[in-house]
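Heads up: the structure comes next, in structure tokens.
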Amino acid sequence: MEQQAYASIMRGLNQLDLSGTAIPCHLTLTGDHAFPLAMNSKGKVLMAASTYGSGRIVVFGHESYLTMLPELVENALLWLQGDESANMSVGVHRAVKGVAENLSNSTFQANIMDGFSSEYGIGAYVTDAYSVGNGKDIVAFMKSGGGVLVAGQAWWWASQNPKSCTLLHFPGNKVSGVAGIYFTEHHRAGECVRVWSKIPHSWRTVKVCNDFKSDLECLLQGVSEFDISGGTFSEILVHGPLSFPISTSPEGRAVIAGGYYGEGRVVVVSHEGRLGSEKLALFWSNVIHWLDAGRNGVIGVEANNAFNILKKSGLNCQKTGFNPDLSVFVRTVYGGDHIEEIKEFVAEGGGLLIGGHAWYWAQSHPGQNYLTEFPGNKILNPMGLTLLSGTVGGGLYKAPEPSNAIKDNYHFRHILYRFARHVTDSKDITPHEEKCLGKLGMDCASFLHMDNYNHCSFIQLVSMLTDILKKTGMPQVSEKCPVKSPKDHLLLSLATEVYKVCPNKEELLGYLIKDNPLLPAIYNHKVKVTVNTAGGEEWVSTGLYLSPGMRTYMSMPAEIIKNGWKVQVGCQTDRLSSKELKRAPSVHERFPVTSEMMQVHNLWGGLIYLIAPPHTNVTGAEVVVQVGVPVPYYKSGETSLPDWQILRTAPSPWAELEFENIILTVPSDVVRNLERPDELAALWDRIMRAIADLAAVPHKFKRKERFVCEVQISYGWMHAGYPIMAHRASAAEMVSVTNATTKGLWGPVHELGHNQQRGCWEFPSHTTEATCNLWSVYVHETVLNIPREKAHEQMQLKNRNKRAESYAKNGRKLNEWQMWMALETYMQLQDRFGWDAFKKVFAAYHSMSGFPKDNKGKMNLYAVTFSETVGMDLTGFFKAWGWPLEGGTEKKVSKLPAWTDHPMAKCN
């Protein structure tokens, strides 16, 4: 919409000669629909347009342009009228009567007026910025469908009124401000300005144009700190050019913020409970006076917990719902009522104090974009403030120093401007600013996730970030070329997020991926889908891969459309936060299945999966993938050995081996020489059945386990989950029968053991890294035929004995009962009672319910369960290991023969 408007207003113009003696002021744009018409060489906006209500407005940064540029004025008036059949009568204020003279030979009927009046029945009104009066009648005219052309500069006015706020008190801003266009005191000599084919943009426009010193001085009078302990806050993304943080955590995460919107003001606190905090009473009094802006009007309080605190402000506080006649309205972010009316209320001069968080709404509304659909954000987004799903814990936060609040603290636009200046103009950034780049990347991602091309502010930021990436390129990160600097970290993050929303992905791709060979593809590949997700969300492999930036269409069967299914491109789902990166922080992408035909893509490419939601049963559904790169994909029972000899040469860099109960996703180079995947499948089938046996669960897993071996993972050498993540160095070991049966697979089985742990018999953190190793020992001894002492050096008898003796000597302290020490307890039980005892204990837990929540209660239950399973009183053994057993536990098993000759009885 804005691009069409821009083309209409600038039609037939190639340049604007503004190089005369007139010195224009710069305009600041905040409205969702405000867009620049002309920028100077420094990226400062000199002319802009916007909409408000049913009407339109065009703003020039100097009144002389109204007569200097008659062709532009005519174009602007045509757009302001709405269409060619509209009312062509134009009201022209006497102060700019030269406009009427220029229009004398046009189709417009100009009427010179001493001031605005609706009596003339005009369709548009032209005035300078100094002759608008209080502006209310002009705003009402525009809101009801009229067009306004207003021009002027505010720098001279500001010099004559040094104690007045230009944003609020300069006459022209009383009209243009409601539409998100502000005259400012900043200025620069005019120049000849190029007219671009599309709306101009510049990274320089993100610069914060106000230090908010006077606002913070008012808000923080007598306030040195914020005691906001208690409660879980949402982080506030402060992204508007006229919004600013007020209280932030030490990491720069805002929990209270404010700003200007139109002629009004807003303050948001990200937990409604703090509105009624006695500890913040002085601050809230300051806030109410700042929002009231000297009107001494009625403060309407809908948030009940705030009333008793706010009435101490000395202003007229009343318990009431929304009323446009209020001076200030106080409410929470949760209600969906009066959203548009509240935005108009603030835009036309009202004050808004609003409190609440977004994290719970985001958690309880899966599949919805909380950034744009959460009621509070519908109000706050246009005001340059957004509640995020990320949480901030309460604390005692120091109040900022007003004179340096923007530079010394974190402000999204300030850091973004400084970074853009750094990469574009090679200007240095300070150590403080460099430390902020990581947070800047996360905030840019949050802003871009709004994905709102209906708002010009969003389009402008996407265009600006796209230009930065085109200029700088993207670090070509790899294992051999890791990325370490905060700047390169940020560029990687930006590339991922900007690519998702960039309208011209093909063009941008060439600046981001330098080595992207064209791989042979197959077409109209059919995938049969049969799933029963009793084990939770499940990935369904398609056997296809997309190269970086490659796009494909997928045809979906009716039974999975809008039923919680997703398409995932990429198997590397770990989000990285390491200082040294060997790949981008996030390289997978998900798309909800909401239509019969859908397009999917990913900047980084990746394997294509269907993601089946929990509690889903589908049999034989057919998905058709338009185009994709074939994958070396082996599936037990379906892929023959002759077929595999061809499939293992498939060009995808990723391969998948799907067996009875496990799927291995590995770099393709490790399977190119795999001759007998059937033998590997047989081995893994035995391993997984053994894991099931020890866990006392059926051999057929509810959900096949998955391993992904990649260049870098989020933590550790491997970590459990779905999928289990491992470094690529482990891939060759996992696909080699010889390696597995000679050197073992301690690490992979350790992680599979983690996935078998159950909270009812786990005692974190003591046993977190201990009981999972029961499966490692069991599999090595019963499947791989590797004795425990050879499976891992820590299982050698001398090391085991040394640990037990050391533990006893040091006083059998439970805080030392961790990892290998804790494992020894279970191994001593195994030495005496065998593996069948563990299988029976785990089986017993399957039929129990009502488990204790604390470690002490769970340890007492375990002692009883194991004792009853083996028919022997083991309480003396567990007490010898320092377990906090109660008298009732000992009494329950006291009739059983006691195990008195246990190994710990021999340790002094």
Side-chain angles (χ1 to χ4, degrees), residues 362-370 373 524-546 552-574 588-602 606-626 628 631 633-639 654 656-665 688 691-692 695 697-708 720-725 752 755-756 758-759 846:
Q363 292 173 6
S364 58
H365 292 75
Q368 296 188 46
N369 187 346
Y370 78 92
E373 297 177 49
N524 298 320
H525 179 73
K526 296 179 180 179
V527 181
K528 289 289 185 181
V529 180
T530 297
V531 295
N532 184 355
T533 54
E537 180 183 273
E538 188 170 333
W539 298 10
V540 180
S541 303
T542 65
L544 292 177
Y545 166 83
L546 289 182
T552 189
Y553 282 94
M554 297 178 68
S555 174
M556 299 297 179
E559 55 261 55
I560 75 171
I561 297 172
K562 295 182 179 180
N563 278 323
W565 287 67
K566 297 181 179 68
V567 173
Q568 178 174 298
V569 182
C571 60
Q572 303 155 277
T573 53
D574 269 7
H588 78 286
E589 188 67 43
R590 282 191 170 189
F591 303 84
V593 178
T594 57
S595 60
E596 182 180 356
M597 187 66 67
M598 58 184 294
Q599 187 185 70
V600 298
H601 52 80
N602 184 5
L607 296 171
I608 307 174
Y609 299 95
L610 290 158
I611 308 299
H615 313 299
T616 296
N617 194 338
V618 171
T619 302
E622 184 176 270
V623 173
V624 181
V625 185
Q626 178 201 35
V631 172
Y633 178 48
Y634 176 87
K635 186 171 185 179
S636 296
E638 295 186 15
T639 308
W654 287 98
E656 288 206 318
L657 305 171
E658 182 171 352
F659 306 141
E660 180 183 54
N661 279 314
I662 195 169
I663 304 168
L664 308 179
T665 304
M688 298 307 293
I691 288 172
V697 296
H699 281 178
K700 177 64 175 175
F701 278 43
K702 291 182 178 180
R703 175 177 68 180
K704 294 183 181 184
E705 296 278 19
R706 277 187 175 272
F707 263 94
V708 174
Y722 183 84
I724 297 169
M725 302 299 297
L752 289 165
N755 283 357
Q756 294 302 320
R758 298 293 178 266
H846 292 322

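Remember, it's a predicted structure, so these values are computed and weren't measured experimentally. Along the sequence shown, the residues carry numbers beginning at 1.
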Gap between atom [atom2] of [Y] and atom [atom1] of [X] - 0.5 Å precision:
| X | Y | atom1 | atom2 | result |
| --- | --- | --- | --- | --- |
| Glu538 | Leu610 | CD | CG | 11.0 Å |
| Ser541 | Gln568 | OG | CD | 10.0 Å |
| Gln572 | Leu607 | CD | CG | 8.5 Å |
| Gln599 | Gln626 | CD | CD | 8.5 Å |

Fill in: Heavy atoms of other groups near His615 NE2, more than 12 under 6.0 Å
no
Worksheet item: Under 6.0 Å from the CD atom of Glu373, do we count more than 12 heavy atoms belonging to anything else shown?
Response: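 Buried by this count: over 12 neighbours within 6.0 Å.
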Looking at every non-hydrogen atom in both residues, tell me the closest pair between [X] and [Y] and how far apart they are.
| X | Y | value |
| --- | --- | --- |
| Thr573 | Pro723 | OG1-CD, 3.9 Å |
| Glu705 | Met688 | CG-CE, 3.7 Å |
| Val531 | Val540 | CG1-CG2, 3.5 Å |
| His588 | Gly570 | CB-O, 3.8 Å |
| Thr542 | Ile608 | OG1-O, 2.7 Å |
| Thr533 | Ala612 | CG2-CB, 3.7 Å |

Do [X] and [Y] come within less than 4.5 Å of each other through their side chains, counting heavy atoms only?
| X | Y | result |
| --- | --- | --- |
| Glu622 | Lys528 | yes |
| Leu752 | Ile724 | yes |
| Val569 | Phe591 | yes |
| Leu544 | Tyr633 | no |
| Arg703 | Pro614 | no |
| Phe701 | Ile662 | no |
| Glu537 | Ile611 | yes |
| Val600 | Leu546 | yes |

Worksheet item: Do NZ/NE/NH1/NH2 and the carboxylate oxygens of Lys704 and Glu656 come within less than 4.0 Å?
Response: no
Any donor and acceptor pair, going by atom type alone, linking the side chain of [X] with main-chain N or O of [Y] inside 3.5 Å?
| X | Y | value |
| --- | --- | --- |
| Thr530 | Gly620 | yes |
| Asn661 | His699 | yes |
| Asn532 | Val618 | no |

Worksheet item: Using the benzene-type ring in the case of Trp, are the ring centres of Trp539 and Tyr609 under 6.0 Å apart?
Response: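 Between Tyr609 and Trp539, which both carry aromatic rings, the centre distance is below 6.0 Å.
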Worksheet item: For Thr665, which of Leu657, Val631, Val708 qualifies under side chain to side chain contact (heavy atoms under 4.5 Å, CB included)?
Response: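 So the option named by the test is Val708.
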In residues 552-567, what donor-acceptor pairs under 3.5 Å come from side-chain atoms, sequence neighbours left out?
| residue | atom | partner | partner atom | Å |
| --- | --- | --- | --- | --- |
| Thr552 | OG1 | Val627 | N | 3.0 |
| Thr552 | OG1 | Val627 | O | 2.8 |
| Asn563 | ND2 | Glu559 | O | 2.9 |

